[in-house]
There are 2 protein chains.
Amino acid sequence: MKLLRNTLLETFVTVVECGGFTDAQYALGITQSAISIRIRDLETALGYRICERGRGGFRLTERGEIAYRKAGDILRSARDFDAELLELRGTTTGDLRIGTIDAVNTLAELNLAQVLKRFLDRPNEVQLEVVVASPTELTQKLITGDLHVAIAPFRNQVPELTYTELCQEEHRLYCGQDHPLFDLPDDQIDLDVISQHQICQRSYNILVSPVLQTAQPKATVANMEAMAMMIETGHFLGPLPVHFIKNWAHRDRLRELAPDKLNWNSTFYLATRPSLAQRRAVEILVQDIVKSCKRGQES
Amino acid sequence: MKLLRNTLLETFVTVVECGGFTDAQYALGITQSAISIRIRDLETALGYRICERGRGGFRLTERGEIAYRKAGDILRSARDFDAELLELRGTTTGDLRIGTIDAVNTLAELNLAQVLKRFLDRPNEVQLEVVVASPTELTQKLITGDLHVAIAPFRNQVPELTYTELCQEEHRLYCGQDHPLFDLPDDQIDLDVISQHQICQRSYNILVSPVLQTAQPKATVANMEAMAMMIETGHFLGPLPVHFIKNWAHRDRLRELAPDKLNWNSTFYLATRPSLAQRRAVEILVQDIVKSCKRGQES
DNA sequence: TGTTCACATGAGGTATTTTTATGTAAATAA
DNA sequence: TTATTTACATAAAAATACCTCATGTGAACA
């Protein structure tokens, strides 16, 4: 049910996402002619062409590009508006857009999958959407309203958002089985030896180089699996979360290096925009997450 | 022309503002029955009653109150959205909501009336709205998008907004003709004498008491005319902008006190939200204001 | 050159919305 | 008490908007 329905804008956005009228038919549940008319009407209202279409392919015009972005924004806030008003009725409804960094599913203390399961088990009409991005992107998306909640090790906390501490994540340094250090006995491995080797750096979160005082890292990755793969090549050392290794298929092909000397902790936070915390759906999910984390730490 | 037209919400907001269906007919240009149906439809969609109506008078329910506020917000941002998309067409259009503190019209260096005149003289379809409020309220309204630009002596500047310095405003201390100090020769008036008397304090802006080290002020006003009237009672001394006095009808009934020792300057700023500065209408107005101020200072 | 693809257009029908006319209930007046 | 007015609700008819179906058009491609 839609309070703030706007057929023209919704059509436009769907058409862009489907890459043309023909496919959008099925997404919108109307015929291609209806779409054609709606887009024409929108263009008439705007006074300029928003997209080129036809046999040559579908393409947004320059202005159409801007219009598309703005339309997406306003439709998102319209959906939130709907949800807010409908929740006054007593039901839990609307979109719930959650963001995390990658590889959170193996964080035992949090157990996000379990939390989501519990949330979905409750009677509600909420539509979940999960986005994976870097902490910086998550922060941005929270502020613009793209996301309702996000979970990540937020190092730079901004005043617009509220943060709740969730749990710790321990990182250690690893090498692959083809790496020269793989077969070296423990007593021959110290920081000096380690610092002779190339490090693969994650583009956010743990910074290894300062501790080891190695040169600029030759490789940078923005994803945990990518990091694991780079390490598996045997060319790089790299930090990985302990919980991640436990679930990594080839964990026997990786070796921890000086775990007692080299380990880093990052704190995971749950972030929300205070104004959105009013939404019942958001409220419930946040409580679920926090509760799950407390339980995770006790056990 | 409306891109994001929402008949139900617009009807609701108008009905609330008109205080009932009957008056809203004329505002909306439809019959009372249509309004009745629209409100019923909105209530059906929401699942709860938003207002009590009938012979006993019109009244919002508790939830209706919340819905009304949220509806106002979303409609405002919908209008802004419209304006942004329509301006891509090349025309200058949309709402332009300006906020100031009171008594800016006599600020010779700024000459806001002249600026607005010039703006309206240009060919455009912009709808102006001017709001007068305190700096704190103006800041709030800018952040929420209630206002596009505001002019005031912003002492507490927040990072969400951008500020442009405009001009200075000089305040001096005055007394009314019935005040004991009114007829005292200049050489008998010094800070000690002055500090014996009651001060009328403005609820924001110039703080007189710290300088004079007088007791807590007995009277507080939130408006320049109110201040002038309090001073005219002969019971209070109070600060007023010099430019304001020049245009005050009863300026011969007021007397400046120790203008060489007691004068305060406040700096006027123009504040906008960076994201809104993109709007052509906002851009043009801001340029007009800044230009007018520069001219004002030269002459 | 003909065919196909992706959209545009027009006629006709269906849905939605509005108006007109009238009904109802509460407050006020007689 | 009863009549009247006020403010809104409702039903049916009228008007309008919207969609589908059938068909047209023009660019790309075989």
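Labels below follow one simple rule: chain letters A, B, ... track the order of the sequence lines, proteins then strands, and each chain is numbered from 1.
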Length of the [atom1]-[atom2] vector between [X] and [N], whole Å:
| X | N | atom1 | atom2 | answer |
| --- | --- | --- | --- | --- |
| A:Phe21 | D:dA27 | CZ | P | 17 Å |
| A:Ile39 | C:dA6 | CD1 | C1' | 14 Å |
| B:Arg38 | C:dT16 | CZ | C1' | 12 Å |
| B:Asp41 | C:dA15 | CG | P | 17 Å |
| A:Leu8 | D:dC18 | CG | P | 8 Å |
| B:Ile37 | C:dT22 | CD1 | C1' | 14 Å |

Residue pair B:Ala281 / B:Val126: nearest heavy atoms and the distance that separates them: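 So the minimum-distance heavy-atom pair works out to CB-CG2, 3.9 Å.
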Would A:Arg63 count as a cation-pi partner of A:Tyr48, with NZ or CZ less than 6.0 Å from the six-membered ring centre and within 45° of the ring normal?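 Yes.
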Residues, nucleotides or ligands: over 12 heavy atoms within 6.0 Å of A:Glu62 CD: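 No - once you tally the heavy atoms of other residues, nucleotides and ligands closer than 6.0 Å, there are 12 at most.
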Neighbour count above 12 (heavy atom, 6.0 Å) for B:Gln127 CD: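 For B:Gln127, atom CD is not crowded (no more than 12 foreign heavy atoms under 6.0 Å).
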Could you list the residues that satisfy salt bridge (charged side-chain N to carboxylate O under 4.0 Å, His left out) with B:Asp41, not counting sequence neighbours?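 Testing B:Asp41 for salt bridge (charged side-chain N to carboxylate O under 4.0 Å, His left out), a comparison that skips the adjacent residues, returns none.
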Are the side chain of A:Glu43 and the backbone of A:Ile50 linked by a donor-acceptor contact shorter than 3.5 Å?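 Checking the backbone N and O of A:Ile50 against the side chain of A:Glu43, a donor-acceptor pair under 3.5 Å is found.
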Residue A:Arg53, side-chain heavy atoms: nucleotide from C:dA8, C:dT19, D:dA9 that is nearest: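 The answer is C:dA8.
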Excluding sequence neighbours, so at least two apart, what forms ring pair (Phe, Tyr, Trp, His ring centres under 6.0 Å) with B:Tyr68?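 Counting only residues at least two positions away or on another chain, B:Tyr68 forms no ring pair (Phe, Tyr, Trp, His ring centres under 6.0 Å).
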Go through the structure and list residues passing ring pair (Phe, Tyr, Trp, His ring centres under 6.0 Å) with A:Phe244, not counting sequence neighbours.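 Ring pair (Phe, Tyr, Trp, His ring centres under 6.0 Å) check on A:Phe244 returns A:Trp248.
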Please identify which of these residues, B:Leu8, B:Thr14, B:Val15, meets the side chain to side chain contact (heavy atoms under 4.5 Å, CB included) condition with B:Thr11.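 Running side chain to side chain contact (heavy atoms under 4.5 Å, CB included) over B:Leu8, B:Thr14, B:Val15 with B:Thr11 returns exactly one hit, B:Val15.
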Separation between CZ of A:Arg76 and OG1 of A:Thr144, rounded to the nearest 0.5 Å: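 Answer for the CZ-OG1 pair, A:Arg76 versus A:Thr144, is 7.0 Å.
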Could A:Arg279 and A:Glu84 be called an ion pair, given the rule that one side-chain N must be under 4.0 Å from one carboxylate O?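 No salt bridge links A:Arg279 with A:Glu84.
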Strand contacts (DNA chain C) in residues 22-36 of chain A, 4.0 angstrom heavy-atom criterion: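 Residues of residues 22-36 of chain A that come under 4.0 Å of DNA chain C are, in numerical order, A:Thr22, A:Gln32, A:Ser33, A:Ser36.
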For DNA chain C, determine which residues of residues 54-63 of chain B have any heavy atom closer than 4.0 angstrom to one of its atoms, and list them numerically.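 The stretch gives B:Arg55 as the residues lying under 4.0 Å from the strand, ordered by number.
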How large an angle, rounded to 10°, do the end axes of the helix from C:dT1-D:dA30 to C:dA30-D:dT1 enclose when each is built from five base pairs?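 So the angle between the two local helix axes works out to 10°.
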